[in-house]
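Residue numbers begin at 1 in each chain, while the letters A, B, ... track the order of the sequences.
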Amino acid sequence: MRAVRIRVRRMSELPAGEMAKAYEPQTVERRWYEYWTQQGVFRASVAASDSRPPYVVAMPPPNVTGSLHMGHALMGTLEDVLVRHKRMQGYNALWQPGMDHAGIATQTVVERQLKREGLTRQDLGREKFEERIWSWKEQSGGRILEQLKTLGCSADWERLKFTMDPDMSRAVREAFVRLHEQGLIYRDTRLINWDWDSQTALSDLEVESEEAMGELYEFAYEVINPVAGGPTELVVATTRPETMLGDTAVAVHPDDPRYTSLHGKKLKHPFVAREIPVITDSILVDMAFGTGAVKVTPAHDFNDFATGKRHGLPEINVLTLDGKINEQGGNFAGLLVKDARKAVKKALAEKGLERGVKPHKLQLPKSQRSGVVVEPMISTQWFMNTKPLADKALAAVASGETVILPEEWRKTYDHWLNNIQDWCISRQLWWGHRIPAWHCQKCSHISVSRNDLTKCEKCGSESIQQDPDVLDTWFSSALWPFSTLGWPEQTPALQRFYPSTDMETGYDILFFWVARMMMFGVHFMGKAPFKRVLLHGLVVDETGDKMSKVKGNTIDPLDLIHGSDFQTVVSKALPGAPFEEAFTKFKKAYPSVAQFGEGFPEYGTDALRFTLCSYSPQAKRIALSPKRIEGYRHFCNKVYNAVRFALPSIEKLQVTGQTPPATLLANRWILSRFAEAVEASTRGIDAFRLDDGSSALYHFFWDELCDWFLELSKPVFQGTDEAAKSETALVLAHVIESSLRALHPYIPFVTEELWQRVPRAPGHPASVALAEYPTATAGRPDAEAEAKMGLLMRVIGAARSIRSEYTVHPGRAVPLELRSNNADTRALLAAEQVAIVT
RNA sequence: GGGCGGAUAGCUCAGUGGUAGAGCGCUAGCCUUACAAGCCAGUGGUCGUCGGUUCGACCCCGACUCCGCCCACCA
């Protein structure tokens, strides 16, 4: 390893004005964040006198109990770049921050804590349990926000909202009541997805199917009074033998010749006293699959449920809420589903009814949160009729009122909304917005109300109870773009900042959140909640695998920012595992880690941010590479050192903020290049191509400004031509100061640190964050200068190549002879001799 | 079963109808008074396969192979 450790003094140890040799993020970052906060840099204005156009981004509220992960870092960085850029362009920028109570996720975490204490939520009771979650919220809720501040996020923290704040809860209740009045929220008893671990209903979205190897198990039902010479048994194929306890029919295809003689016959259930009919159904049955006979369990399968409705079959629930066989299951009662499966198979075999087993690939529906296999169960829940809202949400995108970027997501959005099912919005949890419905014990009327009720709306009885259920956590999230602004009140903030400009978030919550905000926004506000939807990908490890605690490949962004030894890094990636094991896994996920020593160095926030910006947002996967961060840390250091170098030449200058006049080739050229770079940056940010924007500035600053312009300026400053010196100094000062402004949205800390030291125009704001973002006119497109400079650069490059080929020592001067048939070229080369010689 | 994306340098990825780019890596030379976290010169790619359109295709079209993701009730 060639890296050399350099001992540098901390900046704080240096006399005022003197700068350390290398950029040290740690000392700089905290100081400037505090300064920005003090100066109110991030504050959006609702003052009537403020005529700036609004630019609004609502931050996806992180889970209140969560801690910062790479996904947050990506979100925070991208949004901060957008917001800072627009703020500098003179917009009244509001980045609305918040936190989400994250119903099921948070409740699960706290229940796990209780479990370690040997308690359940039932032991505590509802009230105590809620208190417990609130205190956990207080304890951990602030942490993630502090972490976002470390990232430099310029949100308007004074407007911070929590989804269970009283005003947010009021908005939730208002929305619920209105939708209920409009007949769009209703109660129904039907088959829903049941998480028997969390013991709650789930929406379709919260169920993830996972491929698994199972088996297709065949067993026989005995035919009662078979036709003479006809079959005496009917063999069915199933992946879930235990559900046969709830079978109320067996279906065959009406056209299947094998089973014609069984139409209308009854079968004997081997374990419970029930006769079940053979029915014919061409929708459910595929003659070619399995045995062509399907057992029908209406209470535990979506297809069978529909079949049951078609044929008027009884629905026999055989499961308890905690996932065991109930009393309907006879001798099997009390067994967990997986145990019941074994037991039923064994019992069938003992009765001689087993007919075969084949391996079979199947999709297991699992709870997104608890991970257990979800059971379809018949249950009474609150639902929302989403179709009418979905149509409006589709129309908003179709009309261009809202644009989705990258565009490829549009189809996905359309497809989901076009096929949307009613949304099961009630959860049997204790943490969340309680459903504002009161059940009358006397007349069983259900009163839905904005205010807490003490008596039944219908019969006046005081014997009423509020519905124990809470709402799906995404219900409150769907209101976010306007609830945070004060809705249902017509507040000045709501009037000014609705709709938002951009909704930036991960594509993984396109349905959960974005589509639902679209539905609610159009429905309640009459306007789509944002002009653009910007979707970024998933941060994955270096090899492309999703980050997860199971794989041990997560990285705490703060460990990259502040530096951390691998002991620490790995103990977070794979908690509880021995170091060697965890570190091995970690190195597998990040091959480049092999090139590191004992840990990650202190990269600084800016380096991490610039790295995150450098990935194309259209990539679905963002493979984070520590090596890449290192590269961009070098860039931050480059910026720092360029200013350190330039400072002595420019610090005494008076600058105007206007592009200075330039006659010399290099000066004209760098202004021209700057004009283009700055334009590319703005174009990139506006098109949500931060990779293009950041890369344009990166190459401008390093390859053109540092490697050429600064090098060419050296002989000028060391020379005797005072006019040239003065012009070059002014151009240099201008380009440096403007570059810092151009780079600020991406790397806010180092740019602020440096901007405070360089000459600035009179009347400049207190922070670079409030200074104007440069436009192309801050430079000066100059095709002639670019052409001439291009030629010069090629000549110099060629000369260097020759030297290198002949291994001429860099310190040694050699004669160079240039020939050209073109008079202009000869003139140019002669004029720029100094540059070539150097 | 439907839909979407990807396949480009050793690795991770940009990209354009007209001699292929970046970062990291690798090789060689430089401690040049901003930066060795640097400078400088190099190395490195039949742009997944097969067809088609075109004067010309890595790019457009079709087919295929291999990966990945999303949606969907095949027991």
Side-chain angles (χ1 to χ4, degrees), chain A residues 2-6 19 21-23 191 204-205 208-209 216-218 236-240 243 250-251 283-286 288-297 301-307 360 362-363 365 376 406 408-412 414-416 419 507-508 510-511 537-538 540 542-546 591-592 595 601 603 607 611 614-616 618-648 689 691-692 695 698-699 703 706-707 710-711 714 718 797 800-805 807-811 838:
Chain A
R2 287 186 311 174
V4 180
R5 253 174 224 286
I6 315 159
M19 292 171 72
K21 201 174 174 187
Y23 174 56
L191 208 57
D204 297 346
L205 280 179
E208 296 173 336
S209 68
L216 199 57
Y217 180 86
E218 294 180 1
V236 295
T238 178
T239 53
R240 301 199 51 189
T243 61
V250 171
I283 299 173
L284 180 70
V285 181
D286 170 3
F289 188 88
T291 61
V294 186
K295 59 190 272 314
V296 183
T297 323
D301 182 280
F302 286 92
N303 283 319
D304 293 3
F305 183 75
T307 307
H360 182 68
L362 56 117
Q363 300 292 324
E408 68 206 54
W409 289 108
R410 163 110 183 249
K411 276 190 183 175
T412 310
D414 285 352
H415 182 261
W416 189 73
N419 295 286
Y507 71 79
D508 52 327
L510 178 59
F511 306 144
L538 223 59
V540 297
E542 219 170 15
T543 65
D545 276 350
K546 198 171 166 174
S592 75
Q595 297 170 39
Y603 290 122
T611 308
S614 74
Y615 290 93
S616 168
Q618 25 214 36
K620 284 192 178 175
R621 297 175 316 162
I622 293 173
L624 189 78
S625 162
K627 268 315 238 189
R628 192 154 165 168
I629 307 173
E630 186 178 276
Y632 288 119
R633 175 182 62 154
H634 296 174
F635 177 66
C636 294
N637 188 51
K638 192 76 182 172
V639 172
Y640 175 86
N641 270 296
V643 174
R644 191 160 77 99
F645 166 73
L647 221 40
R689 287 302 304 260
D691 54 331
D692 287 344
S695 135
Y698 177 95
H699 288 110
D703 301 346
C706 289
D707 289 350
L710 288 185
E711 291 305 322
K714 285 177 181 174
Q718 282 159 13
R800 283 173 181 166
S801 293
I802 295 166
R803 288 183 70 114
S804 176
E805 256 173 68
T807 54
V808 178
H809 191 275
T838 315

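- Of the candidates B/rC70, B/rA14, B/rA41, B/rC70 carries the atom nearest the A/Phe511 side chain, counting heavy atoms from C-beta on.
- Look at the C1' atom in both B/rG17 and B/rC58: the space between them is 10 Å, to the nearest Å.
- Residue A/Ser625 is out of contact with every strand shown, counting any heavy-atom pair closer than 4.0 Å.
- Put simply, the side chain of A/Glu711 and the base of B/rA34 share a donor and an acceptor less than 3.5 Å apart.
- The side chain of A/His699 lies closest to B/rA22, out of B/rA34, B/rA72, B/rA22.
- A/Ala623 is linked by a side chain to side chain contact (heavy atoms under 4.5 Å, CB included) to A/Val540, counting only residues two or more places apart in sequence or in another chain.
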Using a cut-off of under 3.5 Å, enumerate the N/O to N/O pairs linking the protein to nucleotides 4-9 of chain B.
unit_1 : atom_1 : unit_2   : atom_2 : d
B/rC4  : OP1    : A/Lys411 : NZ     : 3.0

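- To the nearest angstrom, P of B/rU33 lies 19 Å from CE of A/Met19.
- When the ring pair (Phe, Tyr, Trp, His ring centres under 6.0 Å) test is applied to A/Phe302, no partner is found at least two apart in sequence or on another chain.
- Heavy atoms of A/Lys295 sit nowhere under 4.0 angstrom from any nucleic acid atom.
- Computed from coordinates, the A/Asp508 CG to B/rC69 P distance equals 14 Å when rounded to whole Å.
- Within 4.0 Å of A/Asp707, counting heavy atoms only, lie sugar-phosphate atoms of the nucleic acid but no base atom.
- Using a 4.0 Å heavy-atom criterion, one finds that A/Gln363 contacts the bases of the nucleic acid, with or without backbone contacts as well.
- The side chain of A/Phe289 lies closest to B/rA75, out of B/rA34, B/rA37, B/rA75.
- At a threshold of 4.0 angstrom between heavy atoms, the contacts of A/Val285 include nucleobase atoms, whether or not backbone atoms are also involved.
- A/Cys706 comes within contact range of at least one nucleobase, with a heavy-atom separation under 4.0 Å.
- Nucleic acid contact for A/Leu538: none, since no nucleic acid atom lies under 4.0 Å from a heavy atom of the residue.
- Note on A/Arg410: nothing from the nucleic acid sits closer than 4.0 angstrom, heavy atoms only.
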Checklist entry - Dot-bracket for RNA chain B: what is it, with Watson-Crick or G-U pairs under 3.5 Å, [ ] where a pair crosses earlier ones, and | for a pair to another strand? => result (((((((..((((....[..)))).((.((.......)).)).....(((((..]....))))))))))))....
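- Residue A/Ala619 is classed as a sugar-phosphate contact, given heavy-atom separations below 4.0 Å to backbone atoms only.
- Taking the C1' atom of each, B/rU54 and B/rG62 are spaced 16 Å apart, rounded to whole Å.
- Between A/Leu284 and A/Ile622, the residue whose closest nucleotide on RNA chain B is further toward the 5' end is A/Ile622.
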Below 3.5 Å between N/O atoms, which protein atoms pair up with nucleotides 42-44 of chain B? Just atom names and distances, please.
unit_1 : atom_1 : unit_2   : atom_2 : d
B/rG42 : OP1    : A/Ser801 : OG     : 2.7

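- The CG atom of A/Asp304 sits 11 Å away from the C1' atom of B/rC74 (whole-angstrom rounding).
- Looking at the side chain of A/Asp286, the nearest of the listed nucleotides B/rC74, B/rG68, B/rU12 is B/rC74.
- For A/Lys546 and B/rC69, the NZ to C1' distance is 10 Å, given to the nearest whole Å.
- The ring pair (Phe, Tyr, Trp, His ring centres under 6.0 Å) test applied to A/Phe635 returns A/Phe610, A/Tyr698, not counting sequence neighbours.
- A gap of 13 Å separates the P atoms of B/rU49 and B/rA7, to the nearest Å.
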